[in-house]
Amino acid sequence: MQSVEKLQSALDALNTKRSQIAGVGWYLQHCWLVQVKPGGNARTNRKYWQVRSRQPMFDGKKLKHLKPDEVEDYRAAIDRGQQLKQIDRQIEQLQQQLEQLIGKTDSSGSLSKPHQTPPQNPILSTESLQKSLAGQPQSTVRFNDLAEQERLVKEVLAKSQELRDAIKKSLAVSNCLRVRVTNVRNRHPGLQ
């Protein structure tokens with residue numbers, strides 16, 4: 001069985017890798033490319049490209065016809081989406097292993113609270129952070145029991161780790177949005 005520190009460092013490494021991939025550019029999940037022959041009474045046999053999806057993503061439709069110069073952009077976006085999906089699965093497995101390991105140490109008495117996973121799509125605003133901190137007592141607390149003090153320290157460490165992870169993820173989302181805006185401005189110079 002792996003130690004908590006090893007699992008946590010592997011989890012941090014995967015989160016960093018995920019934010020790097022998401023920061024490269026836009027991505028598509030649950031999509032694939034197909035090359036289709038025209039049907040009906042079309043007068044050409046030349047194939048064209050489509051991107052298809054399981055869910056309606058393209059203006060409420062499940063497929064979109066692509067121009068030849070768009071194919072590589074969509075192929076790269078689909079590859080990034082597949083990488084992110086695989087990393088998300090690995091992160092979920094590591095979180096489950098970490099929870100099981102912490103649950104086992106919890107039954108032995110060294111910890112008293114299971115590890116909480118950070119929210120999946122955390123975009124923090126300063127108002128929500130201030131509201132969440134406003135309800136926390138700011139007074140000093142004296143402990144008579146060492147186990148209670150240890151529990152509170154571990155709880156604070158877990159919360160700070162959640163906040164760090166949320167900040168990393170929101171930074172990745174911000175970088176992704178910045179890249180998208182830059183791409184739109186480059187394609188449409190009249191918007192500047």
Side-chain angles (χ1 to χ4, degrees), residues 1-31 53-55 57 76-141 143 146-183:
M1 187 60 67
Q2 296 180 356
S3 68
V4 176
E5 293 82 17
K6 287 182 182 178
L7 287 175
Q8 190 63 42
S9 66
L11 190 62
D12 290 341
L14 281 175
N15 281 328
T16 303
K17 186 176 180 182
R18 187 189 192 292
S19 63
Q20 287 172 349
I21 292 173
V24 168
W26 60 287
Y27 59 91
L28 291 173
Q29 291 184 332
H30 309 291
C31 293
S53 170
R54 290 187 181 95
Q55 296 118 5
M57 298 177 70
I78 290 170
D79 289 342
R80 282 191 292 271
Q82 289 173 347
Q83 288 176 347
L84 289 175
K85 189 175 179 182
Q86 183 180 14
I87 289 173
D88 286 341
R89 270 190 245 123
Q90 291 174 350
I91 287 173
E92 186 176 330
Q93 288 173 353
L94 281 177
Q95 286 175 342
Q96 288 174 355
Q97 289 176 2
L98 195 61
E99 286 175 3
Q100 289 174 355
L101 188 61
I102 290 176
K104 287 179 182 177
T105 57
D106 188 21
S107 63
S108 68
S110 63
L111 291 176
S112 62
K113 188 176 181 182
H115 183 268
Q116 296 176 350
T117 58
Q120 287 298 322
N121 192 7
I123 298 178
L124 296 177
S125 65
T126 54
E127 293 101 23
S128 65
L129 188 59
Q130 287 174 351
K131 286 178 185 176
S132 67
L133 292 177
Q136 302 291 328
Q138 298 294 328
S139 64
T140 59
V141 179
F143 296 100
L146 187 61
E148 179 66 21
Q149 183 179 5
E150 183 179 329
R151 184 197 63 79
L152 186 62
V153 167
K154 288 183 179 179
E155 186 177 319
V156 168
L157 288 175
K159 284 285 188 187
S160 68
Q161 184 62 42
E162 286 179 22
L163 286 174
R164 275 192 237 114
D165 292 342
I167 289 170
K168 285 179 187 176
K169 287 181 181 179
S170 63
L171 181 63
V173 169
S174 172
N175 288 337
C176 183
L177 290 175
R178 184 172 35 83
V179 167
R180 285 184 186 175
V181 168
T182 304
N183 289 340

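Along the sequence shown, residues are numbered consecutively beginning with 1.
Atoms CD and CG, from Q161 and D12 in turn, are 5.0 Å apart once rounded to the nearest 0.5 Å. Between the CD atom of Q100 and the CG atom of L7 there is a distance of 10.0 Å, given to the nearest 0.5 Å. Note that CD of Q90 and CG of N15 are 11.5 Å apart. Values are rounded to the nearest 0.5 Å. Here Q8 contributes atom CD and L98 contributes atom CG; the two are 5.5 Å apart, rounded to the nearest 0.5 Å. Between Q95 atom CD and E99 atom CD the span is 7.0 Å, to the nearest 0.5 Å. Going from atom CG of L11 over to atom CD of Q97 covers 10.0 Å, rounded to the nearest 0.5 Å.
For K17, the NZ atom sits in a loose shell: 12 or fewer heavy atoms of surrounding residues, nucleotides or ligands are nearer than 6.0 Å.
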- Could you go through the side chain to side chain contact (heavy atoms under 4.5 Å, CB included) check for L14 and D88 one step at a time? CA-CA 8 Å; L14 281 175; D88 286 341; over 6 Å; no

- Evaluation steps, side chain to side chain contact (heavy atoms under 4.5 Å, CB included), between L28 and M57: CA-CA 10 Å; L28 291 173; M57 298 177 70; 3.8 Å; yes

- Yes or no on side chain to side chain contact (heavy atoms under 4.5 Å, CB included) for K169 and R18, after CA distance, side-chain angles and deciding distance? CA-CA 9 Å; K169 287 181 181 179; R18 187 189 192 292; 5.6 Å; no

- Message: Does T16 form a side chain to side chain contact (heavy atoms under 4.5 Å, CB included) with Q20? I'd like the steps, not just the answer.
- Response: CA-CA 6 Å; T16 303; Q20 287 172 349; 3.9 Å; yes

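S174 places no side-chain N or O within 3.5 Å of a backbone atom of S170 that could act as its donor or acceptor partner.
Taking 4.0 Å as the cut-off between side-chain N and carboxylate O, K159 and E155 do not count as a salt-bridged pair.
Judged purely by distance below 3.5 Å, without hydrogens or angles, the side chains of R80 and Q83 never pair a donor atom with an acceptor atom. Donor-acceptor pairing under 3.5 Å is recorded for the side chains of N175 and R178.
When all heavy atoms of Y27 and G81 are compared, the pair lying nearest together is CB-N, 3.7 Å. Considering every non-hydrogen atom in both G23 and V179, the closest pair reads O-CG2, 3.9 Å. Between A22 and C176 the shortest heavy-atom distance is O-CB, 3.6 Å.
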